[in-house]
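Everything on this sheet refers to the single structure shown next.
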Amino acid sequence: MPWMPRAPRPPLARMQSRRARPRALLVAGAGAAAVLLAGGCGGQSTLDTHSRQSQEIASLFWWMLVAAGIVLVGALGLLAVGYRRRGRPGLPVIEQTKQINMWLVVTFGILLPLVALVAVFVVANFTVASITDAPAQGSTAMTIEVVGHQWFWEIRYPGTPAVTANELHIPARTRINVVLRSSDVIHSFWVPELNRKVDMIPGYPNRTLLYADQPGVYRGQCAELCGVQHANMAMRVVAQKPARFRRWLAGEAHPQAPPATATQRAGAQAFAANGCSSCHTIRGTPAHGTVGPDLTHLESRQTLAALTIPNTPAELRRWIQSPQQVKPGNKMPSVALSDAALTALVAYLDAGR
């Protein structure tokens with residue numbers, strides 16, 4: 001078929017096409033915003049602040065957003081001026097470019113970006129300096145140790161035998177010195193509503209300050225890619241009224257009560273006979289394993305497997321029966337148990353509920 005020149009589109013069609021472009025960009029931008037908003041869900045937000053440190057981080061974000069907005073407006077202004085100038089007939093491209101007002105180039109192309117970058121640099125440095133200082137000796141009410149594992153958080157309260165996992169309890173309106181360690185790879189401790197991200201490097205203890213301005217539950221997350229289940233390495237920081245926190249800590253410090261029923265005693269035997277005690281500790285019993293989380297007072301926790309599933313008898317049973325289906329790649333092996341033994345084991349671990 002011989003080549004045929006393409007018929008020009010009528011002016012109306014060109015106008016409709018030009019009008020459709022901004023709408024398409026608007027729709028695409030709205031879709032991207034929706035994806036970003038959805039990705040920020042999950043119970044944690046850097047803009048929902050509950051401490052001075054998180055408030056300063058949020059303020060820094062707004063400063064940077066304003067500076068970026070100024071630069072963006074300037075860039076769009078230059079594009080608009082260039083677009084208007086490009087259509088003048090009879091002038092070469094070089095002459096059209098020269099006709100762009102120099103004050104626009106200097107203002108939006110040089111001065112405003114320079115001022116914005118310098119302002120962000122100065123404000124960011126002051127903010128980082130004010131929130132990154134390690135808690136000074138004597139400036140905090142208590143110290144808590146957090147150890148990162150693949151993939152759970154071990155939490156210790158020095159001065160007491162209390163050890164728990166994945167749920168960090170603190171008294172509200174109290175400065176807490178949190179000592180951070182890693183037992184295997186690099187992790188990152190991050191509770192965005194309370195403070196910044198802090199890396200946990202094996203062999204190099206780090207520390208951060210936790211302070212919650214009111215009682216509540218604040219979600220935390222490992223912020224450093226640490227393996228296949230990095231996304232399921234979350235935690236809860238439970239800020240309680242000081243009196244309630246003291247009662248909770250006293251209860252956690254007690255060893256596990258002896259089994260009270262025949263079913264629970266059978267569960268204790270199943271725990272010892274199937275190798276559970278080689279990986280887990282239950283204070284008050286011969287179980288002193290250190291591979292997995294401490295299971296003393298497991299019934300007091302709200303979740304299992306670092307917030308992956310709720311802590312209910314049914315979910316606990318499913319977790320023991322098939323841990324790799326719940327959280328693939330974790331270090332807990334599947335144990336072949338009869339229905340009766342599994343029921344007894346769940347009753348034993350859930351005895352204090």
Side-chain angles (χ1 to χ4, degrees), residues 44 46 51 53-54 57 125 127-170 175-192 194-211 218-237 249 252-253 277-283 287-296 301 305-308 323 327-333:
Q44 60 187 44
T46 55
S51 70
Q53 290 77 19
S54 60
I57 294 171
N125 272 275
T127 301
V128 170
S130 69
I131 66 174
T132 55
D133 291 339
Q137 184 72 26
S139 69
T140 54
M142 66 181 301
T143 295
I144 299 174
E145 293 183 359
V146 177
V147 183
H149 299 265
Q150 291 178 310
W151 289 270
F152 70 94
W153 305 93
E154 178 186 353
I155 301 163
R156 297 181 173 272
Y157 293 81
T160 77
V163 180
T164 185
N166 305 317
E167 296 187 10
L168 171 58
H169 288 245
I170 63 173
R175 290 168 56 86
I176 307 297
N177 175 31
V178 181
V179 177
L180 304 169
R181 307 178 191 274
S182 173
S183 68
D184 36 51
V185 299
I186 297 177
H187 300 284
S188 185
F189 180 89
W190 186 37
V191 186
L194 300 182
N195 210 332
R196 66 187 182 93
K197 301 174 184 177
V198 181
D199 283 345
M200 306 165 72
I201 301 173
Y204 295 89
N206 208 341
R207 63 183 62 230
T208 189
L209 176 72
L210 277 191
Y211 179 94
Y218 309 101
R219 191 180 190 276
Q221 179 73 45
C222 179
E224 182 75 27
L225 181 60
C226 57
V228 65
Q229 279 297 328
H230 158 71
N232 285 327
M233 187 175 171
M235 73 167 65
R236 288 158 48 100
V237 175
L249 185 58
E252 289 292 318
S277 59
S278 63
C279 292
H280 297 281
T281 290
I282 296 182
R283 285 179 286 111
H288 295 291
T290 59
V291 177
D294 189 303
L295 300 182
T296 312
R301 303 169 198 170
L307 277 64
T308 304
K327 192 170 183 176
N330 78 87
K331 297 180 180 179
M332 180 170 170

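When a residue number appears, it is its place in the shown sequence, counting from 1.
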What I'd like to find out is whether the side chain of [X] reaches to under 4.5 Å of the side chain of [Y], using heavy atoms alone.
| X | Y | value |
| --- | --- | --- |
| Arg207 | Leu180 | no |
| Asn206 | Ile201 | no |
| Asn195 | Val178 | no |
| His169 | Leu249 | no |
| Thr208 | Phe189 | yes |
| Arg301 | Thr164 | yes |

Shortest non-hydrogen contact between [X] and [Y], atoms and distance:
| X | Y | value |
| --- | --- | --- |
| Arg181 | Glu145 | NH2-OE2, 4.1 Å |
| Ala162 | Arg283 | CA-NH2, 4.0 Å |
| Tyr211 | Ser51 | O-CB, 3.0 Å |
| Met233 | Phe152 | CE-O, 3.6 Å |
| Val237 | Ile170 | CG1-CD1, 3.9 Å |
| Met200 | Ser182 | O-CB, 3.5 Å |

Donor-acceptor contact below 3.5 Å, side chain [X] vs main chain [Y]:
| X | Y | result |
| --- | --- | --- |
| Asn166 | Trp153 | yes |
| His280 | Pro293 | yes |
| Ser54 | Pro192 | no |
| Trp151 | Cys226 | yes |
| Asp294 | Thr296 | yes |
| Lys197 | Ser188 | no |
| Asn232 | Gln229 | no |
| Tyr157 | Glu252 | no |
| His230 | Glu224 | yes |

So, His288 and Thr281: side-chain donor and acceptor under 3.5 Å apart, yes or no?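 Side chains of His288 and Thr281: no pair found under 3.5 Å.
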
Holding to side chain to side chain donor-acceptor pair (under 3.5 Å), I want the full list of residues that pass it with Thr143, two or more places apart in sequence or in another chain.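 Only Asn177 meet the side chain to side chain donor-acceptor pair (under 3.5 Å) criterion with Thr143.
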
Could you state the interatomic distance from [atom1] ([X]) to [atom2] ([Y]), rounded to the nearest 0.5 Å?
| X | Y | atom1 | atom2 | result |
| --- | --- | --- | --- | --- |
| Leu225 | His187 | CG | NE2 | 10.5 Å |
| Arg236 | Leu307 | CZ | CG | 6.5 Å |
| Ile144 | Ile155 | CD1 | CD1 | 8.0 Å |
| Gln150 | Lys331 | CD | NZ | 5.0 Å |

With salt bridge (Lys or Arg N to Asp or Glu O under 4.0 Å) as the rule and sequence neighbours excluded, what pairs involving residues 150-164 come up?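 Checked against salt bridge (Lys or Arg N to Asp or Glu O under 4.0 Å) - neighbours excluded - the pairs reaching residues 150-164 are Glu154-Arg156.
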
After noting the C-alpha distance and the side-chain angles of Gln53 and Leu209, does the key distance pass the side chain to side chain contact (heavy atoms under 4.5 Å, CB included) rule? CA-CA 9 Å; Gln53 290 77 19; Leu209 176 72; 3.4 Å; yes

